[in-house]
Amino acid sequence: MSPLSFSHTLRQNLKKDVFYEKSTRPFTIALAGNPNCGKTSLFNAITGAHQHVGNWGGVTVEVKEGSVTFNKNEIRVVDLPGTYSLTAFSLEESVARDFIIHEKPDVVVNVIDATNLERNLYLTVQLLELGVRPLLAFNMWDEVRNKQIEINIKLLSELLDVPIVTTIGKNCTNINKLLDTAVLMAKEERCKYNRQISEFPAEVVQVIEKLISVPVMNSFGVSAQWLAIKLLENDSEVRSAVKEAEGGSGILEIADSARSKIELILGEDAQSIIAEARYGFIAGALRETVRKPVRNRVEISDQIDSIITHPVWAFPVFFLFMWLLFQATFVLGAYPQGLLESGVEFLRESVLNLMPDTVLRSLIIDGIIGGVGGIIVFLPNILILFFGIAIMEDSGYMARAAFITDKVMHKVGLHGKSFIPMLMGMGCNIPAIMAARTLESETDRRKTILLAPLISCSARLPVYVLFAGALFPKHAGNIVFLFQFVFGTLSFFIMAYIFKKTLFKGDEQPFVMELPPYRLPTFRSVLIHMWQRAEHFLKKMGGVVLVFSIILWVLSNYPVNSEIEESYNGKIDSVRISTELSSEQKESKTGVLESEMRLEQLKYTGIGRIGMALEPFFRPLGFKWRESVSLLTGFVAKEVIVSSMGVLYLADDSELDRDQRLKTAIADHFTPLKGFAFMFFVLLYTPCVVALITVIRELKSVKWSIFSVVYQIALAWIVTFAIYQGGRLIGLQ
Ligand code: GDP
Ligand code: MG
């Protein structure tokens with residue numbers, strides 16, 4: 001008979017992505033534990049790999065893998081998603097459970113927040129039920145000391161019959177001892193555990209024993225006792241797996257009738273009875289081994305929380321933090337940005353002076369420096385933004401922000417946790433879309449992924465800055481603020497509401513996020529965190545944007561129509577040799593003719609043709625071919641819009657004062673109304689290709705992916721149309 005299989009697709013994905021290694025099989029250590037107990041910190045300490053370390057529920061949703069050679073043993077280390085139980089309530093729990101059951105790691109290191117043993121050991125007990133003998137890492141040992149909690153490790157280890165090592169994930173304390181013990185366990189094969197279930201009520205024990213005695217129960221490749229407990233708990237995945245097996249429906253019948261009998265006798269549902277028994281067992285073990293100091297003062301965390309999650313004060317505090325983040329990002333960020341700008345300008349001028357006037361020089365200056373340089377100047381802003389977000393996450397504030405926003409989010413059918421992707425989206429939509437993984441319910445996740453791209457990411461900022469500066473010089477700051485923070489957020493909420501009322505009626509998850517204690521973020525972790533995201537930005541720029549800048553340069557310079565050139569050159573020559581005109585008149589006439597020629601040439605190029613072909617689609621919005629071309633280029637990355645506008649509007653190739661001239665060109669080609677409409681289109685239409693790929697990957701559904709693209713283009717078109725035509729109706733320009 002085939003082994004019990006849970007969530008097939010998940011398993012297949014896991015295998016494909018990370019877990020398959022055919023060659024010499026090293027030891028595998030899996031880190032399991034509640035969210036925020038320090039798994040990822042330990043993982044980093046063991047493998048030296050830098051991973052995302054955060055402080056809100058379930059930052060680790062993907063399974064991460066690393067390796068280490070310890071005392072000549074090659075060890076594979078897997079960082080499992082945070083879970084409270086082994087019941088498949090959420091994606092995280094299924095992933096962790098499936099890994100432990102199917103991949104059978106040599107040692108499961110159960111990471112425990114030792115300041116909170118009651119809750120953390122709940123998972124341990126379930127591992128024991130599963131027949132897994134974990135190695136317990138009592139993490140946060142520094143906090144245990146600070147709080148003057150006394151734990152008799154030796155006695156507790158004997159009571160549970162599992163080894164315990166105390167660790168401090170934050171500063172790598174005791175990692176060697178942990179690995180030593182793990183290697184020892186793996187070699188001794190002392191990882192099997194036969195847990196006594198004597199703390200369960202007699203009725204439950206009886207049923208479990210009866211179920212175990214059915215032969216089929218032992219053919220699933222997983223502990224029969226665990227299966228029996230899960231059947232009593234009415235675990236849906238286990239049920240359906242058993243049902244598929246031969247003789248499975250008979251087992252289900254026994255379990256179901258036993259469950260109703262138990263519930264009748266004990267007057268409570270079986271799930272609670274079992275959970276209570278587990279907690280009872282834990283409490284018993286802890287009563288013997290843990291001594292806590294009498295708590296005679298409110299803990300600092302609680303004191304801070306009385307303000308930060310206060311029904312009234314929470315919001316001013318929240319907006320204060322957001323305002324600080326914004327100021328730091330843009331006001332403070334303006335200084336390094338200025339430096340980078342001069343650097344890019346210097347580079348451009350150096351190339352201009354050093355190289356002869358060739359096609360290659362044009363490629364380097366317009367294609368490469370123009371494209372990449374125009375974006376790299378935003379790196380400081382992005383670094384600061386990510387730095388701020390990292391501090392918020394690591395300190396524990398992010399979870400509070402999600403908590404206090406739940407009420408509002410719920411009104412539009414979203415979960416408090418959806419707030420986090422929303423805020424992240426202001427940096428970049430890609431981590432935002434990924435962050436939606438922390439949502440337990442499929443519907444919540446899908447909704448959040450569909451909505452996240454509406455939040456204005458930092459790549460859209462250059463476009464707003466350019467347009468606001470060119471068209472609304474007096475109010476540029478406010479306009480940029482509106483687009484970057486207000487309009488995106490508003491469309492997020494409005495669309496969420498529309499989705500709630502149409503596509504996603506019903507089915508909402510209650511809020512079950514727990515607030516982790518406040519922790520002083522470590523500088524290292526914040527830097528790693530910030531860097532991981534900045535790295536992504538840089539890679540995108542180095543790769544996609546560079547390639548695209550070059551493609552764009554080729555498309556906007558080729559093919560060349562020699563007829564246009566000849567005919568204009570003829571006209572220019574005839575002006576030059578004309579005797580009727582003064583030399584000033586000649587100069588201005590040839591200038592006009594030259595720019596006309598460039599325009600004609602541009603229309604003949606690849607990009608001109610595509611843009612003109614799309615023009616009818618954009619015409620009702622007031623956009624001509626140039627605008628349609630630049631929007632087209634924005635599919636590759638929204639920041640490319642700015643660099644492509646440089647190519648499209650600045651038909652002459654002088655390098656002087658390029659930014660200022662681009663602004664002037666925008667002011668010439670756009671009325672304020674048209675510019676405003678254009679900014680809206682940029683805000684709302686499909687995100688860049690990389691984000692789009694992320695959306696498609698995360699939605700895991702062709703239908704929803706197509707929907708995501710179509711709805712955003714439609715939304716952008718409709719809103720822009722309404723603004724442009726509406727504005728004209730009331731006489732705006
Ligand atoms: P995970 O969700 O289990 O992966 O937990 P993380 O590794 O992301 O850690 C959550 C938070 O706890 C982070 O802010 C860590 O810096 C912090 N942390 C991890 N280990 C320790 C520790 O031993 N002591 C203290 N004081 N903090 C820790
Ligand atoms: Mg983690």
Side-chain angles (χ1 to χ4, degrees), residues 29-66 77-85 90-93 95-96 99 108-117 119-120 122-124 134 136-149 151 164-175 177-178 299-301 387 389-400 402 417 420 435 437-438 513-530 532:
I29 296 182
L31 299 173
N34 291 6
N36 287 307
C37 63
K39 289 178 304 301
T40 305
S41 305
L42 283 179
F43 176 76
N44 289 344
I46 295 172
T47 61
H50 293 324
Q51 298 289 327
H52 187 113
V53 179
N55 195 14
W56 46 278
V59 165
T60 317
V61 184
E62 274 193 320
V63 185
K64 292 195 213 86
E65 188 179 327
V77 189
V78 178
D79 183 14
L80 293 177
T83 57
Y84 295 107
S85 78
S90 68
L91 184 61
E92 284 94 332
E93 287 173 346
V95 170
F99 186 83
V108 174
V109 173
N110 182 191
V111 184
I112 302 277
D113 174 353
T115 63
N116 199 342
L117 288 175
R119 203 192 55 213
N120 276 251
Y122 190 69
L123 179 68
T124 315
L136 299 190
F138 273 28
N139 198 37
M140 310 273 177
W141 199 247
D142 52 331
E143 292 198 2
V144 171
R145 280 202 212 113
N146 283 344
K147 290 185 176 164
Q148 296 170 330
I149 304 171
I151 306 175
I164 300 176
V165 176
T166 60
T167 56
I168 304 174
K170 227 168 46 170
N171 61 18
C172 308
T173 304
N174 257 0
I175 298 302
K177 193 170 168 202
L178 187 72
E299 281 194 27
I300 296 180
S301 243
F387 187 78
I389 290 180
I391 291 182
M392 282 174 49
E393 278 182 348
D394 283 8
S395 64
Y397 183 68
M398 195 65 113
R400 267 84 187 170
K417 276 193 196 174
I420 292 162
R437 288 181 168 216
T438 54
M513 190 170 193
E514 133 205 39
L515 300 183
Y518 289 99
R519 295 211 166 88
L520 211 58
T522 62
F523 193 60
R524 179 168 159 269
S525 141
V526 169
L527 279 189
I528 291 174
H529 216 132
M530 173 186 87
Q532 280 177 339

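Order of appearance sets the numbers: ligands from 1, and atoms from 1 within every ligand.
Proximity to T40 (heavy-atom distance under 4.0 Å) selects the following atoms of ligand 1: 1 (P), 4 (O), 7 (O). Near I168, the atoms of ligand 1 lying under 4.0 angstrom from a non-hydrogen atom of the residue are 22 (C), 23 (O), 24 (N). For ligand 1, the atoms sitting less than 4.0 Å from at least one non-hydrogen atom of N139 are 20 (N), 21 (C), 23 (O), numbered in the order shown with element in parentheses.
Taking only non-hydrogen atoms, the option from S41, A114, P521 nearest to atom 19 (C) of ligand 1 is S41. Between P81, G33, G38, it is G38 that holds the heavy atom closest to atom 5 (O) of ligand 1.
Residue K170 touches ligand 1 through backbone and side chain together, judged by heavy-atom distances below 4.0 Å. Here D142 has side-chain heavy atoms under 4.0 Å from ligand 1, and that is the only part of it that gets that close.
Although no hydrogens or angles enter the test, the distance criterion places a donor-acceptor pair under 3.5 Å between the side chain of N139 and the main chain of G169.
Contact between T522 and ligand 1 is absent, with no heavy atom of the residue lying under 4.0 Å from the ligand. Residue contacts with ligand 1 include C37, since one of its heavy atoms falls under 4.0 Å from the ligand.
Within the 4.5 Å cutoff, the side chain of I175 has heavy atoms near those of the L42 side chain. The closest side-chain heavy-atom distance from L178 to I46 is below 4.5 Å. Side-chain contact between I151 and W141: present, with at least one pair of heavy atoms (C-beta onward) separated by less than 4.5 Å.
Taking CG from N174 and NZ from K177, the interatomic distance works out to 5.5 Å, rounded to the nearest 0.5 Å.
By the side-chain contact (heavy atoms from CB on, under 4.5 Å) test, I164 pairs with L136, F138, I153, L156, S157, sequence neighbours left out. Evaluation of the ring pair (Phe, Tyr, Trp, His ring centres under 6.0 Å) rule for F387 yields no partner, not counting sequence neighbours.
Considering backbone and side-chain N/O of E143, one or more are found under 3.5 Å from N/O of ligand 1.
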